[in-house]
Amino acid sequence: MTHHPKSDIPRLHEAYSACFRIGAAVNPSTLTTQADLFRHHFNSLTAENEMKFEKLQPASGQYTFEAADRLIDFATANGMAVRGHTLVWHNQTPDWMFAHADGTPVDRDTLLARMQAHIATVVSRYKGIVHAWDVVNEAVSDKEGEFLRPSQWLEIAGEDFIAKAFEYAHAADPNALLFYNDYNESVPEKREKIFALVQSLREKGVPIHGVGLQAHWNLEEPSIDDIRAAIERYASLGVRLHITELDLSVFRFADRRTDLTAPTEELLAKQADRYAQIFRLFKASSAHIESVTFWGAADDYTWLDHFPVHGRKNWPFLFDEKHRPKRSFWDVLEEAPPSAIAGPG
Ligand code: GLA
């Protein structure tokens with residue numbers, strides 16, 4: 001069912017146009033069911049899954065672009081920007097990439113050649129349309145004392161698979177902005193590893209232009225102070241920042257309660273306060289932040305309905321299951337800068 005946002009509701013992306021773009025992650029289903037909401041409030045789109053490796057090249061040399069192209073067509077028809085997500089990741093990458101037909105692992109040169117072929121094909125196809133790419137996703141470890149996450153990329157190609165990915169992407173589209181993207185980006189220990197990684201890439205002259213802060217957060221964590229510290233730390237590298245996957249789970253990560261069939265008034269009030277604080281901080285940091293993308297748009301669909309507790313409903317967005325603005329929406333709107341077109345007074 002499609003819900004039509006009332007046309008008198010202020011457009012979120014217009015309210016924040018002086019600060020940053022407002023984006024949403026979409027999939028082939030929400031591109032239909034939430035189309036009006038996207039058109040009204042958002043001026044940037046990202047594919048939730050459709051530009052991931054396994055979707056674009058499920059078998060060696062067999063590219064499937066139909067679903068990604070549909071997203072691009074929708075975005076261009078509506079004058080929206082597109083963020084590309086994602087070129088190199090340890091997840092949702094098919095096994096064939098790392099092995100020969102007989103199952104034996106490929107060597108470094110073969111893997112890098114396959115990586116280059118994929119990146120060149122995908123980035124060239126959307127050259128001039130996808131203005132920013134998450135080139136490498138989640139390469140840093142969450143574990144204490146471990147720098148990079150163990151993966152087939154790391155094991156076979158070594159640490160500089162990261163630099164290579166950026167070089168290949170830059171060669172394919174020298175104008176695209178290239179990002180390193182990760183979660184737990186505001187946790188101080190991981191923040192320092194991400195900082196160190198991006199700093200070393202910059203020092204080596206690798207073409208990297210920004211850090212993507214995924215921002216899968218909840219009502220308690222991370223603290224505003226930790227988020228601010230992360231923004232300042234990454235910005236000190238002289239790179240651009242994009243908030244790439246924002247959602248605010250109503251449950252803490254360790255909270256496995258399953259008794260709620262609707263969010264309580266208390267949770268909704270808390271979520272609105274949290275969203276307001278977060279957007280106040282984003283606005284204050286808008287010299288560095290160019291884009292704020294939610295990982296979805298309205299509470300009728302969120303990946304959090306299945307993670308980390310399978311089948312448990314969550315309500316992480318500014319719009320409810322019927323696409324009506326929640327208190328969170330109005331509180332975020334309230335934080336927007338005074339309108340540039342609102343004349344004197
Ligand atoms: C990570 C990835 C996203 C998505 C989410 C879960 O954050 O970057 O592409 O898979 O996990 O939906």
Side-chain angles (χ1 to χ4, degrees), residues 1-52 55-57 63-87 121-134 169 172-179 181 212 242-247 290-303 317-319 321-325 329 332-333 336 339-341:
M1 186 173 151
T2 306
H3 307 275
H4 299 275
K6 287 226 188 74
S7 54
D8 54 344
I9 295 173
R11 296 171 186 269
L12 191 60
H13 77 83
E14 284 184 4
Y16 277 94
S17 63
C19 299
F20 32 68
R21 289 198 181 90
I22 299 284
V26 307
N27 63 45
S29 159
T30 60
L31 206 50
T32 303
T33 58
Q34 300 183 341
D36 289 329
L37 198 65
F38 299 141
R39 285 195 199 96
H40 196 78
H41 291 291
F42 298 86
N43 59 355
S44 176
L45 294 183
T46 301
E48 186 184 13
N49 288 301
E50 311 306 323
M51 290 189 188
K52 290 175 179 170
K55 296 284 180 160
L56 292 184
Q57 199 187 168
Y63 289 88
T64 46
F65 287 115
E66 289 77 10
D69 285 355
R70 263 202 301 284
L71 182 167
I72 296 275
D73 290 346
F74 182 95
T76 45
N78 291 289
M80 298 161 157
V82 182
R83 293 194 82 260
H85 175 84
T86 179
L87 298 171
T121 304
V122 172
V123 172
S124 313
R125 183 178 185 88
Y126 299 123
K127 192 173 176 171
I129 302 172
V130 170
H131 71 102
W133 276 101
D134 292 331
D173 183 356
N175 293 320
L177 298 174
L178 307 181
F179 284 75
N181 190 49
H242 284 190
I243 308 296
T244 54
E245 307 186 15
L246 176 62
D247 47 26
E290 297 182 329
S291 172
V292 175
T293 294
F294 292 81
W295 205 243
D299 288 344
D300 52 319
Y301 172 77
T302 165
W303 73 291
F317 297 124
L318 304 184
F319 302 95
E321 289 168 75
K322 297 198 160 138
H323 305 178
R324 295 170 302 203
F329 170 82
V332 164
L333 199 68
S339 169
I341 51 171

For W133 and L87, run side-chain contact (heavy atoms from CB on, under 4.5 Å): C-alpha distance rounded to whole Å, both residues' side-chain angles, the deciding distance at 0.1 Å, then the answer.
-> CA-CA 8 Å; W133 276 101; L87 298 171; 3.7 Å; yes
Going through the checks in order, is the side-chain contact (heavy atoms from CB on, under 4.5 Å) test met by F74 and V26?
-> CA-CA 11 Å; F74 182 95; V26 307; over 6 Å; no
Check against side-chain contact (heavy atoms from CB on, under 4.5 Å), K322 and D300 | CA-CA 7 Å; K322 297 198 160 138; D300 52 319; over 6 Å; no
Report the C-alpha distance between Y301 and N27 in whole Å, list the side-chain angles of each, state the deciding distance to 0.1 Å, and finish with yes or no for side-chain contact (heavy atoms from CB on, under 4.5 Å).
-> CA-CA 10 Å; Y301 172 77; N27 63 45; 3.3 Å; yes
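Checking side-chain atoms of N43 against main-chain N and O of I22 turns up a donor-acceptor pair under 3.5 Å. At distances below 3.5 Å, not a single donor-acceptor pair connects side-chain atoms of T302 with backbone N or O atoms of D299. In terms of modelled atom types and a separation under 3.5 Å, the side chain of T76 and the main chain of I72 share a donor-acceptor contact. Between the side chain of T244 and the backbone N or O of T293, no donor-acceptor pair lies under 3.5 Å.
The aromatic rings of H131 and H242 are tilted relative to each other, their planes meeting at an angle between 30° and 60°. Classified by interplanar angle (parallel below 30°, tilted 30° to 60°, perpendicular above 60°), the ring pair F319/H41 is tilted. The aromatic rings of Y16 and F20 lie parallel to each other, their planes meeting at an angle below 30°, with 60° marking the opposite boundary.
Annotation: the span from M80 atom CE to L45 atom CG amounts to 4.5 Å, rounded to 0.5 Å. Considering CD of E14 and CG of L333, their distance stands at 11.0 Å, rounded to 0.5 Å. Rounded to the nearest 0.5 angstrom, K52 NZ and D134 CG are separated by 10.5 Å. Atom NE2 of H13 and atom OG of S44 lie 11.0 Å apart (nearest 0.5 Å). A distance of 13.0 Å separates NE2 of H323 from CG of L318, quoted to the nearest 0.5 Å. Atom OG1 in T64 sits 8.5 Å away from atom NZ in K55 (nearest 0.5 Å).
Contact detail for F329 and P10: the closest heavy-atom pair is CZ-O, 3.5 Å. Closest approach of L31 to L71, counting heavy atoms only: CD2-CA, 3.8 Å. Nearest heavy-atom pair across A297 and F317 is O-CB, 3.3 Å. Taking each heavy atom of D173 and G128 in turn, the nearest pair found is OD2-N, 3.5 Å. Counting all heavy atoms, side chain and backbone alike, H85 lies closest to E245 at CE1-OE2, 3.3 Å. Closest approach of W295 and T46 over heavy atoms only: CZ3-CG2, 4.0 Å.
A donor-acceptor contact closer than 3.5 angstrom links the side chains of W303 and D247.
Not a single side chain to side chain contact (heavy atoms under 4.5 Å, CB included) links D73 to another residue, sequence neighbours left out. Residues satisfying the salt bridge (charged side-chain N to carboxylate O under 4.0 Å, His left out) test with R21, not counting sequence neighbours, are none.
Aromatic rings of Y63 and F65 (six-membered ring for Trp) have centroids within the 6.0 Å cut-off, being under it.
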